[in-house]
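Report on the following structure.
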Amino acid sequence: QQQVKQSPQSLIVQKGGISIINCAYENTAFDYFPWYQQFPGKGPALLIAIRPDVSEKKEGRFTISFNKSAKQFSLHIMDSQPGDSATYFCAARKLGYNQGGKLIFGQGTELSVKP
Amino acid sequence: NAGVTQTPKFQVLKTGQSMTLQCAQDMNHEYMSWYRQDPGMGLRLIHYSVGAGITDQGEVPNGYNVSRSTTEDFPLRLLSAAPSQTSVYFCASSYSPQGFRGYTFGSGTRLTVV
């Protein structure tokens with residue numbers, strides 16, 4: 001079962017535009033919601049993360065919006081640049097020490113920013 | 001400080017062969033995990049460990065074994081390779097809950113089973 005659903009699968013944005021990627025989760029036993037950025041041939045790298053007691057977190061051009069009641073969170077990339085072209089994954093971490101920091105990932109979104 | 005190091009970077013196996021994917025981290029992280037990445041599936045957890053001597057299964061553990069004899073190393077063993085195990089494998093590590101800041105991933109091992 002897919003506990004974290006991500007959309008869209010692919011996204012094309014013009015340079016300077018806003019990229020928006022959405023995720024929805026089913027299980028309420030998550031306590032940490034990171035976004036990862038992955039370039040071809042590389043491992044995913046942590047981009048930004050949020051905890052469920054916060055509705056929004058901003059770091060530079062990247063913002064996470066979090067809606068706990070709707071079990072949804074989204075990544076907004078402002079002033080998108082060609083260098084932002086990558087695959088983005090949302091994830092959710094399961095509560096509990098014995099869960100080993102288990103991250104459940106969404107399916108990924110391939111973002112292409114056109115010059 | 002090398003972070004998370006995975007070897008080999010590429011591997012081709014024949015069906016039925018066994019092999020071990022190596023993973024080492026030098027950040028003294030307690031948590032380590034193995035994920036596989038397949039197109040349209042995101043990253044799926046294979047096995048994870050909360051410390052030396054402690055491992056547990058993730059979402060897709062069948063056909064894989066792990067052990068964690070030291071904090072630094074977390075090898076993944078394919079017992080009898082199958083074409084369905086063709087994938088990109090990522091090892092990741094992190095601090096324990098109190099210091100959790102998300103996982104640091106290695107650069108991956110691209111495995112093809114023919």
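Keep in mind that the numbers below use all heavy atoms, side chains included, and drop hydrogens, waters and symmetry copies. Residue numbers begin at 1 in each chain, while the letters A, B, ... track the order of the sequences.
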Part of Gln37(B) within contact of chain A (heavy atom distance under 4.5 Å): side chain
What pairs of residues pass the disulfide (SG to SG under 2.5 Å) test when at least one of them lies in residues 39-85 of chain B, not counting sequence neighbours? none
Is the shortest distance from a Lys or Arg side-chain nitrogen in Glu59(A) or Lys57(A) to a carboxylate oxygen in the other one below 4.0 Å? yes
With no hydrogens and no angle check, do the side chains of Asn22(A) and Ser7(A) hold a donor and an acceptor under 3.5 Å apart? no
Lys68(A)/Asp53(A) ion pair, N-O < 4.0 Å: no
Quick one: ring-ring contact (aromatic ring centres under 6.0 Å, His included) partners of Phe89(A), sequence neighbours excluded? none
Checking an interface table here. Which of residues 37-50 of chain A come within a heavy-atom distance under 4.5 Å of chain B? Gln38(A), Gly41(A), Lys42(A), Gly43(A), Pro44(A), Leu46(A)
Disulfide (SG to SG under 2.5 Å) pairs touching residues 53-84 of chain A, sequence neighbours excluded, are none
Aromatic contact, Phe105(B) with Tyr36(A) (centres under 6.0 Å): yes
Output the option from Gly108(B), Gly40(B), Gly58(B) having the highest count of non-hydrogen pairs under 4.5 Å with chain A. Gly40(B)
